[in-house]
Amino acid sequence: MKEDKIKILFVCLGNICRSPAAEGAFQSLIHKENLSDFFLIDSAGTAGYHDGELADPRTREVAKARNINLTHISRKFIKQDFQRFDYILVMDHNNFKTVRSLVTDESHNRKIHFFRSFEDGQFKNAEVPDPYYGDLKAFENVQNIVESASVGFLKFLKSEHQISSNH
Ligand code: 4NP
């Protein structure tokens with residue numbers, strides 16, 4: 001086990017749809033690449049509406065179809081997360097605003113990124129759309145986005161932290 005893990009927190013509003021999906025997609029990707037030991041991963045929501053709950057059944061169903069088993073229990077984002085994590089990946093502008101409003105030290109600001117800014121293509125500051133009031137297709141769309149953004153994010157991290165797949 002590596003001591004100096006790279007600590008990543010995925011953040012959305014309710015922590016039952018987008019951020020657990022992102023957490024699961026990224027976990028699955030690093031597991032496939034045999035890089036799990038390099039990372040500590042978690043997710044949280046800016047609202048505590050669903051504290052203590054598993055991810056939404058639709059999020060879990062769509063992930064399960066891709067062989068991803070989501071076991072995360074929803075929790076609210078707290079200020080201490082700025083100390084505990086190196087990268088805070090937000091899903092939309094609303095999450096970004098809320099997380100920014102909790103910053104107490106200027107150094108925290110550079111930890112906050114839009115998850116889709118790492119997706120290949122021109123998605124700078126693009127959002128992962130909230131699927132909560134949508135149909136299963138909206139959840140499939142989220143799953144596709146978080147998988148594609150995970151690939152781009154891992155590529156960035158490998159380069160930034162000199163990690164190779166055959167470490
Ligand atoms: P999430 O989706 O932020 O992707 O987890 C939502 C989950 C719950 C609610 C809104 C968005 N809600 O209003 O309860």
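Just so it is clear, the model here is predicted, and its values are computed rather than measured. Sequence positions, counted from 1, serve as the residue numbers for this chain. Read the numbers this way: they start at 1 and go in the same order the structure lists the ligands and their atoms.
- Put simply, the residue from Ile6, Ile8, Val11, Leu40 that forms a side chain to side chain contact (heavy atoms under 4.5 Å, CB included) with Phe85 is Leu40.
- Among residues at least two apart or in separate chains, salt bridge (Lys or Arg N to Asp or Glu O under 4.0 Å) pairs with a member in residues 53-74 are Asp56-Arg58, Arg66-Glu140, Arg66-Glu147.
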Check against side chain to side chain contact (heavy atoms under 4.5 Å, CB included), Asp130 and Met91 = CA-CA 9 Å; Asp130 183 349; Met91 302 296 138; over 6 Å; no
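- The salt bridge (Lys or Arg N to Asp or Glu O under 4.0 Å) analysis of residues 88-104, with sequence neighbours excluded, yields the pairs Arg18-Asp92.
- Ring orientation note: the planes of Phe114 and His93 are tilted relative to one another, at an angle of 30° to 60°.
- Every residue meeting the side chain to side chain contact (heavy atoms under 4.5 Å, CB included) condition with Ala63, not counting sequence neighbours, appears here in chain and number order: Ile68, Leu70, Gln143.
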Which protein N or O atoms sit under 3.5 Å from any N or O of ligand 1? Give atom names and distances.
residue: ligand 1; atom: 2 (O); partner: Asp130; partner atom: OD1; Å: 3.4
residue: ligand 1; atom: 3 (O); partner: Leu13; partner atom: N; Å: 2.9
residue: ligand 1; atom: 3 (O); partner: Gly14; partner atom: N; Å: 2.8
residue: ligand 1; atom: 3 (O); partner: Arg18; partner atom: NH2; Å: 2.9
residue: ligand 1; atom: 4 (O); partner: Arg18; partner atom: N; Å: 2.9
residue: ligand 1; atom: 4 (O); partner: Arg18; partner atom: NE; Å: 2.7
residue: ligand 1; atom: 5 (O); partner: Gly14; partner atom: N; Å: 3.4
residue: ligand 1; atom: 5 (O); partner: Asn15; partner atom: N; Å: 3.2
residue: ligand 1; atom: 5 (O); partner: Ile16; partner atom: N; Å: 3.0
residue: ligand 1; atom: 5 (O); partner: Cys17; partner atom: N; Å: 2.9
residue: ligand 1; atom: 14 (O); partner: His50; partner atom: NE2; Å: 2.8

